[in-house]
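Below you'll find the structure, written out as structure tokens, and then a few comments.
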2 protein chains.
Amino acid sequence: MEQLDERKTKILKAIIRTYMETGEPVGSRTISKYTDLNVSSATIRNEMSDLTEMGYIVQPHTSAGRIPSDKGYRLYVDELMKEKEAEIAEIRDLMIEKTDQMDKVLKKVAKVLASNTNYAAMVSVPQYSGSRIKFIQLSRVNPDQLVAVVVSDHNVVRNQIIQLEEEMDDQTILKLNLLLNTNLNGLPIQDINLGMIARLKEQAGMHSAVVATVLDAVAGMIQVDEEDMEIYTSGATNIFKYPELADTAKASELISTFEEKKELADLVKEHMAGTDETGISVYIGDEMPIRTMKDCSVVTATYELGQGMHGTIGIIGPKRMDYENVVDSLKALKDQLDQLVGNKS
Amino acid sequence: MEQLDERKTKILKAIIRTYMETGEPVGSRTISKYTDLNVSSATIRNEMSDLTEMGYIVQPHTSAGRIPSDKGYRLYVDELMKEKEAEIAEIRDLMIEKTDQMDKVLKKVAKVLASNTNYAAMVSVPQYSGSRIKFIQLSRVNPDQLVAVVVSDHNVVRNQIIQLEEEMDDQTILKLNLLLNTNLNGLPIQDINLGMIARLKEQAGMHSAVVATVLDAVAGMIQVDEEDMEIYTSGATNIFKYPELADTAKASELISTFEEKKELADLVKEHMAGTDETGISVYIGDEMPIRTMKDCSVVTATYELGQGMHGTIGIIGPKRMDYENVVDSLKALKDQLDQLVGNKS
DNA sequence: GTTAGCACTCTACCAAATCGAGTGCTAACA
DNA sequence: TGTTAGCACTCGATTTGGTAGAGTGCTAAC
């Protein structure tokens, strides 16, 4: 089987581009006119026949035009990436550390992306790997209620009300605060485990049940996460714009996947665990681990915001996704974010 | 025009019930067999003719069966409500005050409702009208960072990192804490306005810009809300199960409405402002203020959790919604909640 | 290697035919 | 007077057959 010569490549690109625009199989005639090759449709047919054989394009049925196969898209994307990679790199470090309103910003990001690209967008809340505790405080709110506040070094604040069975005197609270801070402050969150909490309980032992309650609550607050990665989505209904996805049954499943977010979260987790590099990756069709998205393509980008905080942005669309535009949008996102974060009080 | 006699009512109910099951226009023959009236289809036809004239049922086209009109549904629902109202009442006060994990509980509630009923479900986070501040605290986290924590009397905790331009000594922090607590503690949140903050600033005036920053931040935290009512939704894709809603264009709009949540929030706000009573209400077809839901019915229930906290639960489905089942589900919800809240640590 | 031409294939579309569910009306019956 | 059987009629849904058009593959000529 022959190699891809220049003309074949050109034809393949032309097919992919036109298919992305129209969403319909593209025939030899179209290509012969569209390109600057100045060859007749018959020639194109020959070339297309080769391309089909090589697996870059596919015929949905005998007398229809060709559409790009997953392999074809893959080639196109890889090609494209080489050109754009440089530009992309800057996006990563551009989200400003502004943790308080992170959720609002991210929601907005998802929205903007979705409406810019006309595809569905998702944004995962950044995970804080290797984050350390920097501040713990228990305060009395009511005679029988404490509020616990934990701040980690990325300025992520967690809080919880702790309901006490019996009252606790100021003395004890003070002691507990000291105990917690001297023992936990500066520790990476993932190093805090049940054993450690048990030891703390022992140290504070004299105060019995109440103290245990409090320590357990604090431990609970610190850990949690891991399980529930939050993901914001937007523009799920954009998929209706692409007939090849708009089939009721499929669309329904797809949107469900979006609504649930569970599977998306798994994807993100896997994605972040798998790739060390923080670049952009593209799943095409069957490459996608989520079954309901077998007919889609997914472009994901990992973003990073300083020491160890990183999350994932994803665009989900039809295979004939306009990869070029998606990438540009990710770039434009940068400006949007600057503006957003800048404006906020 | 004659009144609804018993037989007519029975027939009407039968029509509505069957239509709810099948989703297709129901003919005279079906009814004649289905009911225990033991009359022939011809008789039913006569009655149906009357019912049509009275506007309770409608013919989509000449030679099709009848489907209930909005007016018909309305009758059915009003009837039904009378029977069930009692049972419903208890639901309201059953959500236990467990504010910390409220969000998880509510998400779950939406999910359970959606999967129980096979309709789309929404749950609004309860609003705390007349909530008072019960605890304010500023603590230093870093030399140039404070964390502010505000607890209101429903145990809703808010927190925010405040980034300082210049350092602030312990003395000042202590003073500010005192100032804030003596002035704001016990006050209803809505009574705290800019004027009051201005006065505080004046009182603390000597410390200039930094203090102003902090006070502004605190003021911001306290107010906020109002605007962004959170709403959890689930089961949006259930609408695909009902052919009369599954038309691509309509479904797309509907799901968008769900995704956006903005309009839902408005609905909830209006609903809560409008009705003093905390019962269940039903919007049928055109009664619905949201345009995209003109072909749906929406059942909403206001729930209340002690002093002034209340939110809304809603079920959105086709007009041929199984109102009876929906109501029962709301009831079952109670048990689910008990269990959920009970299990949690 | 390129091109024109032609037979062939397959889908999309349209119109006609048919089917069947359901109605309205009338006449007969209790 | 209310109920019923029967029948002609309507109208959407489905099926069928036919056609147009896009596109291919192949061959022969340039």
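When reading the values below, keep in mind they use all heavy atoms of this one structure, side chains included, and skip hydrogens, waters and symmetry mates. Proteins get letters first, then strands, A, B, ... in listed order; numbering begins at 1 in each.
- Between A/Ser40 and C/dT2 there is no side-chain N or O to OP1 or OP2 distance below 4.0 Å.
- For DNA chain D, the stems formed by at least three consecutive Watson-Crick or G-U pairs, with both atom-pair distances below 3.5 Å, span C:1-30 with D:1-30.
- The nearest pair of heavy atoms linking A/Glu263 to A/Thr257 is OE1-CG2, 3.7 Å.
- Between A/Asp50 and A/Lys8 there is a salt bridge, with a side-chain nitrogen of the basic residue lying less than 4.0 Å from a carboxylate oxygen of the acidic one.
- Regarding A/Glu6, its CD atom lies at a distance of 17 Å from the P atom of C/dG1, rounded to whole Å.
- A donor-acceptor pair under 3.5 Å is absent between the side-chain atoms of A/Glu47 and the main chain of A/Ile11, judged by distance alone.
- Rounded to a whole Å, the CD1 atom of A/Ile44 is 11 Å from the C1' atom of C/dT2.
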Seminar exercise, completed: Readout for nucleotides 16-26 of chain C: B = base within 4.0 Å of protein heavy atom, S = sugar-phosphate only, - = neither; 5' to 3' it is -----BSBBB-

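- Donor-acceptor pairing under 3.5 Å is lacking for the side chains of B/Ser329 and B/Thr117.
- Regarding B/Lys33, its NZ atom lies at a distance of 16 Å from the C1' atom of D/dT4, rounded to whole Å.
- In this entry the distance linking NE2 of A/His61 with C1' of D/dG23 reads 8 Å, nearest Å.
- For the pair A/Glu24 CD and C/dC10 C1', the computed distance is 15 Å after rounding to whole Å.
- Formation of a donor-acceptor pair under 3.5 Å by the B/Lys294 side chain with backbone atoms of B/Met288 is found in this model.
- Straight-line distance from the CD atom of B/Glu47 to the P atom of D/dT1: 16 Å, rounded to whole Å.
- Each salt bridge (Lys or Arg N to Asp or Glu O under 4.0 Å) pair with one or both residues in residues 15-35 of chain A, not counting sequence neighbours, appears once here: A/Arg17-A/Glu324.
- Counting only N and O atoms by type, the side chains of A/Tyr283 and A/Thr300 include no donor and acceptor under 3.5 Å apart.
- In this structure, a donor-acceptor pair under 3.5 Å is absent between the side chains of A/Ser124 and A/Tyr232.
- Spacing between atom OH of A/Tyr19 and atom P of D/dG23 amounts to 14 Å, rounded to whole angstrom units.
- Remark: B/Lys71 is positioned above the aromatic ring of B/Tyr56, its terminal NZ or CZ atom under 6.0 angstrom from the ring centre and at most 45 degrees off the axis.
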